[in-house]
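In this text, all values refer to a predicted model and were calculated from it rather than measured experimentally.
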Amino acid sequence: MLLIWYYLLTFSTALIAVVISIPVVRKIALSQGYVDRPDARKVHHQPIVRIGGVSICLGIVIALAVAYYCGSLSLLPSEAVAKIQWVIFGSLGFFIIGLTDDLLGLSPLLRLVVQAGVSSFVWQAGVRIEFLTFPEVGIVHLGWLSLPITIIWLTGVVNAVNWIDGLDGLASGVCGIAASFIFIVCLFTGQYAAAFVMLALAGSLLGFLYYNFNPAQIFMGDGGSYLIGFMIAGVSIIGLVKSAVATAILVPFLILAVPILDMSAVIALRLYHGKSPFLADKRHLHHRLLRFGLSHRSTVCVIYSLAVWVGSFAIVLVGIPYSLMVVSGATGLLGFTTWQAWRSVQPQS
């Protein structure tokens, strides 16, 4: 029961800290010219502050610090807490990479190299994918493949989150949904330390979404998307992938299916057309829905519903009670949202 109160404290502290800090961060950013300017590939038409990741980072750090000083972490196994600390350190490292890119600009290759370096450091500290469990096969120990697979997972999720950040409220909402599902799975499987981090992230993203939903007053920028992506990917390794359950490998992929499949499809299409995978274009899912005729908000809501739908299957695999009811509700939500979006693009008689 005491742990529940700590969870509520962590969530509410993160939310309040972000809501209070964003006006301050926004004022400073406007005075310094830290804004994202419109261009042919972007959908906004006026400069928007692009360092909202600073507020997200503050919200998470303050919430976890409050939980720590209130003694909540003393209730958890020390080994689990130690690994969570390395995930937090890695997230802060990725946040610095992204914020540097927001302020100064970095080449895609340099960003990728530094990301791989931070991921390797965290792997060395023990946050690693050491084995995978497959149905009908069992546990497969990775050996020396652990390092490259861990790096690919961490950097892949980070860049998937970064690439889906193309519409007001899209990345923050989708990642908030993912963090909520991971929190539920971690709670059910006894990964209580990982659940704390996901709840702090979910609270921060909910507070950020208040300012980021269309029409957005602030963007999270690369600093925010890198922080969020690494935190989700790192906690997934600790709380989901390392489980010996035969379906464990599918759980994080289902929860993160929307950004991962979107990034994979875009890379495949760019390579198919003989273009660099790092070359920005309008091949993402949200761009295609906009071209179909959906409004900005309808597009975001449809993708939210899709994220809830695929994420709900993850809790079925874990065996959480009443999970089939959640899938049924998520299916209904996806169907209703898609129907409403379809109606919005039909000509009025």
Side-chain angles (χ1 to χ4, degrees), residues 53 56-57 60 80 82-101 106 108-133 142-165 171 174-175 178-179 181-183 185-186 191 193-194 197-198 200-201 205 220-243 248-264 266-267 277-278 314:
I56 297 174
C57 184
I60 295 170
K83 289 187 177 181
I84 283 297
Q85 288 175 341
W86 283 111
V87 170
I88 295 171
F89 291 149
S91 302
L92 293 176
F94 267 72
F95 168 70
I96 292 171
I97 297 170
L99 185 61
T100 301
D101 187 43
L106 300 173
L109 182 59
L110 178 58
R111 289 200 305 266
L112 194 59
V113 169
V114 180
Q115 288 173 10
V118 175
S119 300
S120 301
F121 181 78
V122 174
W123 175 88
Q124 186 65 40
V127 181
R128 60 181 68 171
I129 303 174
E130 296 175 306
F131 62 85
L132 297 175
T133 310
L142 298 176
W144 66 270
L145 287 174
S146 172
L147 176 59
I149 288 178
T150 301
I151 292 175
I152 290 171
W153 171 252
L154 292 173
T155 59
V157 172
V158 164
N159 286 284
V161 170
N162 181 251
W163 286 14
I164 203 175
D165 186 25
V174 169
C175 290
F181 275 113
I182 295 174
F183 166 74
V185 173
C186 288
Q191 301 289 341
V197 178
M198 286 297 95
L201 177 59
L205 289 175
M220 67 174 63
D222 287 351
S225 62
Y226 285 12
L227 167 73
I228 295 165
F230 188 92
M231 190 162 282
I232 289 176
V235 169
S236 295
I237 290 177
I238 295 172
L240 307 179
V241 177
K242 298 191 77 168
S243 170
I249 188 175
L250 297 177
V251 173
F253 280 101
L254 281 172
I255 293 175
L256 297 166
V258 171
I260 288 175
L261 292 178
D262 179 68
M263 180 185 70
S264 301
V266 168
I267 289 176
F278 301 111

*Would you call M220 and I56 a side-chain contact if the rule is heavy atoms closer than 4.5 Å?*
yes
_Close side-chain approach of R111 and Y226, heavy atoms under 4.5 Å_ = yes
*asked:* Is it the case that the side chain of D101 and the backbone of L106 share a donor-acceptor pair, with hydrogens and angles ignored and the cut-off at 3.5 Å?
replied: yes
*Roughly how far apart are I88 CD1 and Q85 CD, rounded to 0.5 Å?*
7.0 Å
*Of the options I152, V158, I151, T150, which is the one that meets L154 in a side chain to side chain contact (heavy atoms under 4.5 Å, CB included)?*
T150
_Counting C-beta onward and ignoring hydrogens, is there a side-chain heavy-atom pair between W86 and V127 closer than 4.5 Å?_
yes
*About how many Å separate CG of L145 and CD of E130, when rounded to the nearest 0.5 Å?*
13.0 Å
*asked:* Would you compute the distance between atom CG of L201 and atom SG of C57 and round it to the nearest 0.5 angstrom?
replied: 11.0 Å
_For a side-chain contact (heavy atoms from CB on, under 4.5 Å) check, start with the C-alpha distance between F230 and V161, then their side-chain angles and the critical distance, and finish with the verdict._
CA-CA 9 Å; F230 188 92; V161 170; over 6 Å; no
*Please test W163 against I267 for side-chain contact (heavy atoms from CB on, under 4.5 Å), starting from the C-alpha separation and ending with a verdict.*
CA-CA 11 Å; W163 286 14; I267 289 176; 3.5 Å; yes
*Separation of I228 CD1 from D165 CG (nearest 0.5 Å)*: 8.0 Å
_I'd like to check L147 versus R128 (side-chain heavy atoms, cut-off strictly below 4.5 Å). Are they in contact?_
no
_Approximate separation, where rounding is to 0.5 Å, of I232 CD1 and I255 CD1_ = 9.5 Å
*Nearest atoms (heavy-atom pairs only) where G229 meets V157*: O-CG1, 3.5 Å
*Look only at the side chain of S225 and the backbone of D222, and say whether a donor-acceptor pair between them is shorter than 3.5 Å.*
yes
*Side-chain contact test, heavy atoms from C-beta onward, threshold under 4.5 Å: evaluate it for S146 versus W123 and give yes or no.*
yes
_Could you work out, with side-chain contact (heavy atoms from CB on, under 4.5 Å) as the rule, every residue matching A194, not counting sequence neighbours?_
I84, C186, Q191, V235
*Gap separating the OG atom of S119 from the CH2 atom of W153, nearest 0.5 angstrom*: 12.5 Å
*Are any non-hydrogen side-chain atoms of I129 and L142 less than 4.5 angstrom apart?*
yes
*asked:* Do V197 and M231 have side chains that approach each other closer than 4.5 Å (heavy atoms only, starting at C-beta)?
replied: yes
*Do the side chains of M263 and N159 get nearer than 4.5 Å, heavy atoms only?*
yes
